[in-house]
Asker: 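The following block contains the structure, expressed as structure tokens.
We use all heavy atoms of the structure for the numbers below, so side chains are in, but hydrogens, waters and symmetry mates are not. Just so it is clear, the model here is predicted, and its values are computed rather than measured. In what follows, every chain begins at residue 1, and chains take the letters A, B, ... in the order their sequences are listed.
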Amino acid sequence: MEQVLKCHVGIGGVVEGEALVATDNFSARYDLNRIKGVFSRPDHALAGQSYKDKILVFNTAKGGVASAWMLHEMVSRGIAPRAILFNTANTILAQGAALANMAMCDRFEDGDVTALIKSGQQLIVDPVKGQVTIKG
Amino acid sequence: MKLSPHEEAMLAGEMGAARKWAVEHQLQIGRMFDAEDMVVVSQAHMMADPESLGEAGVSFFEKFAELPADERRVAIPLLTDPRGVDLSYYDKLGQTEEMANLERRFVAACLKMSVMMTDTCINYQTIMPPVYGDHVAFGDTGVVIYANSVCGARSNFEGGPSALAAALTGRTPRYGLHLDRNRQATRRYRVDFKLEGLTEWGVLGAVIGRKAGSYWEVPVIEGIEQVPTSDEIKHMGAAMASYGSTPLFHMVGITPECQSLVDVGGDKLDCEVVSRADFDTLKKPFGAKGEKVDVVVFAAPQLSLVEMQQVADLCRGKQRNSGTSLIVCTSPSVVADAKRLGFISDIENFGGKVLEGTCFYQQYAREVGEANGWKRLLSNSTKIVNILGGYGYQPALASMEDCIASAIQGEVV
């Protein structure tokens, strides 16, 4: 059964991919080894896991402004997530998604997105309509 | 979003490709955050180190730098955050020619666009502090939280691309902290004990940042009776922004928008007490008494001239342990003054190195750590110990005095 989650209008175009979910917060500078394409911060819930081509789902963004360039740089090398979903994004991640042309959405009407979506589910993210579809 | 005729003209490409890109970028951000229009800003500050930019980011700048002079020049003063490479010392630090070349290309592009290479995250102490009510487009979270909270200016976190867009257009989408309603307190904390030294102020910032935990929360802090120095509140803000992504706080009777709790709506909020136990919990992962120290770092934020004097005083006439390096990061303008006043030679005679216009975590910290065999890192910056765990370091936290004593001993005192 498909399930459609409504959210605020976001950034970027329609993408499809597999969800990788954590209740943690996210920073490209603090949490990632961007060369290897894995979460590198030892106390991050996704430590050691690859983020390449995933649709990442987090509570919110944390930390500094560097992520605004880093998403663009990650996309240019082809080692990047396809989309990032948040309960609440911050300005930096939104700005980074705009430069990188990466899909990003936040503010889901049905509650906590990190509980609504499970790792491994296939998602279609449509930032223009402001909706995310969980495919069966 | 409602655009003025000037903004429409930029969007239509009448003022060149750079300004057209900038308005398009701003429209995307404005749409996501429900901005109704743009607000004119007086200055911008851009974080753009080569590690974050990569080849892709540097090429992005070079494309704009090739435009005709009137199309590539920024419309308002645009300052730069610390660089990633000190071009006079990169090879000795273990940075590569490839890193230095990215840096050189970026600087050349910026100069063509009339970007002021101030290379600092303490522009509010050294260049031009914004004025109460001033709308600005600042990058570096430490700069934004200081400008909003201590100066009473108005800025969102503007990442590099958005700071550049604001500098090209002279405005930014009016959302977030540009609006009165988003500057009211949403969390209330009470601190009943006295704080000592930069590190304790940093830890307070970190504790509150972690509790508040979101860009959209505004903490108000009551109970603090001692007025902090600019350096103390700088460490506090930088740590709060680092741990919580927090862009604004109020301190009752101290910060300008909050002479009393009522001014920011704090009287309507439940109060949470911050205790010494909260401090201990935060510091626990960063204790390493008795362990060998590979490098002591003073950075994040860059040191003010006053901090440079404090470090120099502690270093004077002493020698670091041969197994422990000391790195100090500050801005080019502070370096010039510190040199003239003899602080740099005090630090260098101790065996330390002062890097100019960089910050430790923005200069390929992972590669530098590997090249020098640095694992155990000691700092008085609550911000930097938070960041560097993800970069392969084992960070520890101590006061400035204990950091220098540890550099002499070769182990955490």
Asker: With rounding to the nearest 0.5 Å, note down the distance linking CZ in B/Phe33 to OG1 in A/Thr91.
Answerer: 6.0 Å
Asker: Supply the atom-to-atom distance A/Arg34 CZ to B/Ser52 OG, rounded to the nearest 0.5 angstrom.
Answerer: 6.0 Å
Asker: Return yes if some donor-acceptor pair links the side-chain N/O of B/Trp216 with the main-chain N/O of A/Asn90 below 3.5 Å, else return no.
Answerer: no
Asker: Under 3.5 Å, is there a donor-acceptor pair between the side chain of A/Arg77 and the main chain of B/Gly54?
Answerer: no
Asker: Which heavy atom in B/Met32 sits nearest to a heavy atom in A/Ala89, and how many Å separate them?
Answerer: CE-CB, 3.9 Å
Asker: Select one option (side chain, backbone, both, neither) describing which atoms of A/Leu71 are under 4.5 Å from chain B's heavy atoms.
Answerer: neither
Asker: Tell me, for B/Asp49 versus chain A, whether the close heavy atoms (under 4.5 Å) come from the side chain, the backbone, both or neither.
Answerer: side chain
Asker: On the 0 to 90° scale, with breaks at 30° and 60°, tag the A/Trp69-B/Phe61 ring pair as parallel, tilted or perpendicular.
Answerer: tilted
Asker: Calculate, to the nearest 0.5 Å, the distance between atoms OG1 and NZ belonging to B/Thr141 and A/Lys62 respectively.
Answerer: 13.0 Å
Asker: Counting only heavy atoms closer than 4.5 Å, note whether B/Tyr391 contacts chain A via side chain, backbone, both or neither.
Answerer: side chain
Asker: Show, in sequence, the C-alpha distance, side-chain angles and deciding distance for B/Tyr243 and A/Asn25, and conclude whether the side-chain contact (heavy atoms from CB on, under 4.5 Å) test is met.
Answerer: CA-CA 10 Å; B/Tyr243 280 77; A/Asn25 301 333; over 6 Å; no
Asker: For A/Ala47, which atoms come within 4.5 Å of any heavy atom of chain B: side chain, backbone, both, or neither?
Answerer: neither
Asker: Does A/Gln95 reach the main-chain N or O of B/Ser162 with its side chain, forming a donor-acceptor pair under 3.5 Å?
Answerer: no
